[in-house]
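All values below were derived from every heavy atom in this structure, side-chain atoms included, with hydrogens, water molecules and symmetry-related copies excluded.
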Amino acid sequence: MEERRLDRSVIAGLDVGNYLEQRLNVVFQGATGSGKSHLLCALAKSACRARYRAVYVRMPDLAEQVTVASNKPGGVPKLVRKYATYNLLAIDEWLVDKPDEPFKRFLLELMELQYDTVSTAFATQLATKEWHRQLGGDTIADAILDRIVHNAIWINTGEYNMRQRHGQAMLDN
């Protein structure tokens, strides 16, 4: 953690689960290989150990689920309700792809149900200032972001690529 300059006390504080009781969001932001997904999974596992309902999903997989659900009667609202039942929704690869209009509407409905009720955690390579553009730069983007960014704990995982370091160590041995 030292080489990445992560604050151990912040990470340990997340493990306690206080953010869940306060219904705060968590954002892990950093370069590829910097440990965002690892921390996101650890957060979800910690929530489960504390008897909270948590689920981990990659944003591309979630988008695919929305596409499949849109072909079923009542499918998208049912999917929104399904994910809204968790105390922690952990979304990996947040905004790795630009969402289409139906997926943006799904995200808006989901974030509306999540807001001030439960916690959502995100892992992303994108800087926050790029989120609005990636979400389409419109009023739906405004609404989605308004429900995420104002009550979030931000953790920058930095530029340190753990995969590259681990791969080099394996080659050196």
J.: Return yes if some donor-acceptor pair links the side-chain N/O of R53 with the main-chain N/O of T85 below 3.5 Å, else return no.
T.: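 Yes, R53 side chain to T85 backbone: donor-acceptor pair under 3.5 Å.
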
J.: Would a distance-only check, ignoring hydrogens and angles, find a side-chain to backbone donor-acceptor pair under 3.5 Å from N25 to I148?
T.: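 The answer is yes, because a donor-acceptor pair under 3.5 Å joins these two groups.
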
J.: Same hydrophobic cluster for Y52 and V55, using side-chain heavy-atom links shorter than 4.5 Å among ILVMFWY?
T.: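 They do not share one cluster, since no chain of ILVMFWY contacts under 4.5 Å joins Y52 to V55.
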
J.: Check for me, please, whether V80 and Y115 land in the same ILVMFWY cluster - side-chain distances under 4.5 Å, paths through other members count.
T.: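 No, it is not one cluster - the side chains of V80 and Y115 are not joined through contacts under 4.5 Å.
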
J.: Less than 4.5 Å apart, side chain to side chain, heavy atoms only: is that true for R105 and E109?
T.: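 They are not in contact (no side-chain heavy atoms under 4.5 Å apart), so the answer is no.
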
J.: For the pair Y83 and Y86, name the ring-plane relationship: parallel under 30°, tilted 30 to 60°, perpendicular over 60°.
T.: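 The rings of Y83 and Y86 sit tilted, inter-plane angle from 30° to 60°.
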
J.: Would you give the length of the straight line joining atom NZ of K98 to atom CZ of R133, rounded to the nearest 0.5 angstrom?
T.: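 These two atoms lie 7.0 Å from each other.
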
J.: Is it true that D138 and K104 make a salt bridge, defined as a side-chain N closer than 4.0 Å to a carboxylate O?
T.: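 Yes, this pair counts.
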
J.: Measure the spacing between CH2 of W154 and OG1 of T128 and express it to the nearest 0.5 Å.
T.: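 Spacing of CH2 (W154) from OG1 (T128) equals 3.5 Å.
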
J.: Please verify the inter-ring angle class for W131 with W94; under 30° counts as parallel, over 60° as perpendicular, anything in between as tilted.
T.: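 Because their plane-to-plane angle is over 60°, the rings of W131 and W94 count as perpendicular.
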
J.: Can you name the closest pair of heavy atoms from L95 and Q134 and give their distance?
T.: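 Nearest pair, atom of L95 first, then Q134: O-NE2, 3.1 Å.
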
J.: Hydrogens and angles aside, do T117 and R23 bring a side-chain donor and acceptor to less than 3.5 Å of each other?
T.: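 There is no such pair between these side chains.
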
J.: Go through the steps for M59 and D92 under the test side chain to side chain contact (heavy atoms under 4.5 Å, CB included), then give the verdict.
T.: CA-CA 6 Å; M59 190 163 168; D92 201 357; over 6 Å; no

J.: Hydrophobic clustering (ILVMFWY, side-chain heavy atoms < 4.5 Å, transitive) - are F106 and V57 grouped together?
T.: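 In one cluster: yes.
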
J.: Give a yes or no answer on whether the side chain of S119 reaches the backbone of L24 with a donor-acceptor pair at less than 3.5 Å.
T.: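 Between the backbone of L24 and the side chain of S119 there is a qualifying donor-acceptor contact (under 3.5 Å).
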
J.: Please report the shortest heavy-atom distance between V66 and P102, naming the atom on each side.
T.: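 Smallest heavy-atom distance, with atoms named: CG1-O, 4.4 Å.
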
J.: If hydrophobic clusters are built from ILVMFWY residues whose side chains come within less than 4.5 Å, do L43 and F122 share one?
T.: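 Unlinked, L43 and F122 end up in two clusters.
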
J.: Shortest non-hydrogen contact from P99 to L135?
T.: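 So the two residues come closest at CG-CD2, 3.8 Å.
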
J.: Rounded to the nearest 0.5 Å, what separation is found between the CZ atom of R58 and the CD atom of Q65?
T.: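 Those atoms lie 11.0 Å apart.
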
J.: So how far is it from E130 CD to Q125 CD, rounded to the nearest 0.5 Å?
T.: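 Here the interatomic distance stands at 10.0 Å.
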
J.: Using the side chain to side chain contact (heavy atoms under 4.5 Å, CB included) definition, which of the options T124, N156, I155, V149 pairs with V27?
T.: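 Checked T124, N156, I155, V149 against V27; only one passes side chain to side chain contact (heavy atoms under 4.5 Å, CB included): T124.
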
J.: Can a donor-acceptor pair be found, under 3.5 Å and without considering hydrogens, that links the side chain of Q29 to the backbone of L126?
T.: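 Side chain of Q29 to backbone of L126: a pair is present.
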
J.: Any sub-3.5 Å donor-acceptor pair from R147's side-chain atoms to A143's backbone N or O?
T.: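 Here the side-chain-to-backbone pair exists.
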
J.: Going only through I, L, V, M, F, W and Y residues with side-chain contacts under 4.5 Å, is there a path from L39 to V26?
T.: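 Both belong to a single hydrophobic cluster.
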
J.: Quick one: does T120's side chain get under 4.5 Å of L110's, heavy atoms only?
T.: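 They are not in side-chain contact.
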
J.: In Å and rounded to the nearest 0.5 Å, what is the CG to OG1 distance from D100 to T67?
T.: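 Spacing of CG (D100) from OG1 (T67) equals 6.0 Å.
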
J.: Can you see which heavy atom on A123 is nearest to which on S37, and at what distance?
T.: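 Here A123 and S37 meet closest at CB-N, 4.5 Å.
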
J.: What's the spacing between K72 NZ and L79 CG if we round to 0.5 Å?
T.: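 Atom-to-atom, K72:NZ and L79:CG are 9.5 Å apart.
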
J.: Compare every heavy atom of A54 with every heavy atom of C48, then report the nearest pair and how far apart it is.
T.: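 Closest approach of C48 to A54: SG-CB, 3.8 Å.
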
J.: Looking at every non-hydrogen atom in both residues, tell me the closest pair between T157 and A31 and how far apart they are.
T.: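 Nearest heavy atoms, T157 then A31: OG1-N, 4.5 Å.
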
